[in-house]
Amino acid sequence: MNTPSNSKKGFQFAMITIVTFLLFLLLQILAANEKISLDFYRYASGFLMILVFVSSIIGFVFSMKGLKEPNSIKKIFGIVANSILFILFVVTVIVRFIDFNSSF
């Protein structure tokens, strides 16, 4: 049985994260145009953002584990995409933390 390499897993999680994020943007557009209810938007967007959060962290870990593997397009794309998404996540958490602390 052939197990996927860490680079391939990182690439797969990058694709999952990107598709999930695009679905989140689609939900925002549908909610803005009042095609879906706000209640459905809240629950669905929350679920999708949790998926983006989890898959970006897992993808980043697999991409970092695969650094020593031979170079390929999937490896480079996985590293770049997961790094960007992970950095966006970290920045978002930091900004939320700063906003929370400044509210007191």
Side-chain angles (χ1 to χ4, degrees):
M1 184 161 184
N2 190 8
T3 59
S5 65
N6 288 321
S7 297
K8 189 172 181 181
K9 287 179 186 177
F11 173 77
Q12 290 170 344
F13 277 103
M15 295 306 296
I16 290 169
T17 305
I18 290 169
V19 168
T20 309
F21 188 73
L22 291 175
L23 286 173
F24 170 74
L25 292 178
L26 177 66
L27 275 178
Q28 280 189 324
I29 292 169
L30 291 174
N33 292 330
E34 298 179 1
K35 303 286 184 190
I36 59 173
S37 69
L38 287 179
D39 286 334
F40 177 77
Y41 167 72
R42 286 184 193 125
Y43 293 119
S45 65
F47 177 72
L48 289 175
M49 286 288 76
I50 289 171
L51 284 178
V52 167
F53 162 72
V54 171
S55 63
S56 68
I57 290 176
I58 294 171
F60 182 75
V61 169
F62 277 123
S63 292
M64 292 301 111
K65 283 183 173 180
L67 281 176
K68 294 183 180 181
E69 295 174 6
N71 286 339
S72 68
I73 299 292
K74 287 184 178 182
K75 175 185 172 182
I76 302 299
F77 180 80
I79 290 171
V80 170
N82 285 318
S83 297
I84 289 171
L85 293 166
F86 184 72
I87 289 169
L88 285 174
F89 167 71
V90 169
V91 168
T92 302
V93 169
I94 291 171
V95 167
R96 293 284 179 158
F97 184 72
I98 291 171
D99 286 344
F100 180 74
N101 280 340
S102 66
S103 66
F104 291 111

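A donor-acceptor pair under 3.5 Å links the side-chain atoms of Ser103 to the main chain of Phe100, judged by distance alone.
Residues Asn82 and Gly59 come closest through the heavy atom pair ND2-O, 3.1 Å. For the pair Ala14 and Ala81, the tightest heavy-atom approach, listed with the atom from each and the gap, is CB-CB, 3.9 Å. Of all the heavy atoms in Gly66 and Lys75, the pair that sits closest is O-CE, 3.3 Å. Closest of all the heavy-atom pairs between Lys8 and Lys74 is CE-NZ, 4.5 Å.
Put simply, the side chain of Met64 reaches to within 4.5 Å of the side chain of Ser83, judged on heavy atoms. Residues Tyr41 and Gln28 meet the side-chain proximity criterion, which asks for heavy atoms closer than 4.5 Å.
The number of heavy-atom neighbours closer than 6.0 Å to CZ of Phe24, taken from other residues, nucleotides and ligands shown, is above 12.
Considering OG of Ser63 and CD of Glu69, their distance stands at 9.5 Å, rounded to 0.5 Å. Put simply, CD on Gln12 and OG on Ser55 are 12.0 Å apart, with the number rounded to the nearest 0.5 Å. Rounded to the nearest 0.5 Å, atoms CZ (Phe86) and OG1 (Thr17) are 12.0 Å apart. To the nearest 0.5 Å, the span separating OG1 on Thr20 from CG on Leu85 amounts to 10.0 Å. The distance from the CD1 atom of Ile79 to the OG atom of Ser7 is 6.0 Å, given to the nearest 0.5 Å.
For the pair Asp39 and Arg42, the salt-bridge criterion is met [side-chain N within less than 4.0 Å of a carboxylate O].
Taken together through direct or relayed side-chain contacts under 4.5 Å among Ile, Leu, Val, Met, Phe, Trp and Tyr, Leu25 and Leu27 form part of one hydrophobic cluster. Linking Ile, Leu, Val, Met, Phe, Trp and Tyr residues whenever their side-chain heavy atoms come within less than 4.5 Å leaves Ile18 and Val54 in two separate clusters. Linking ILVMFWY residues whenever their side-chain heavy atoms come closer than 4.5 Å, directly or via other members, leaves Ile87 and Val61 in distinct clusters. Ile76 and Phe11 sit in two unconnected hydrophobic clusters of ILVMFWY residues. Membership requires side-chain heavy atoms under 4.5 Å apart, directly or through other members. Under the 4.5 Å side-chain heavy-atom criterion for grouping Ile, Leu, Val, Met, Phe, Trp and Tyr, Val91 is not connected to Ile57 through any hydrophobic cluster.
In this pair, Phe53 and Phe89 present their aromatic rings tilted. The plane angle is within the 30 to 60° band.
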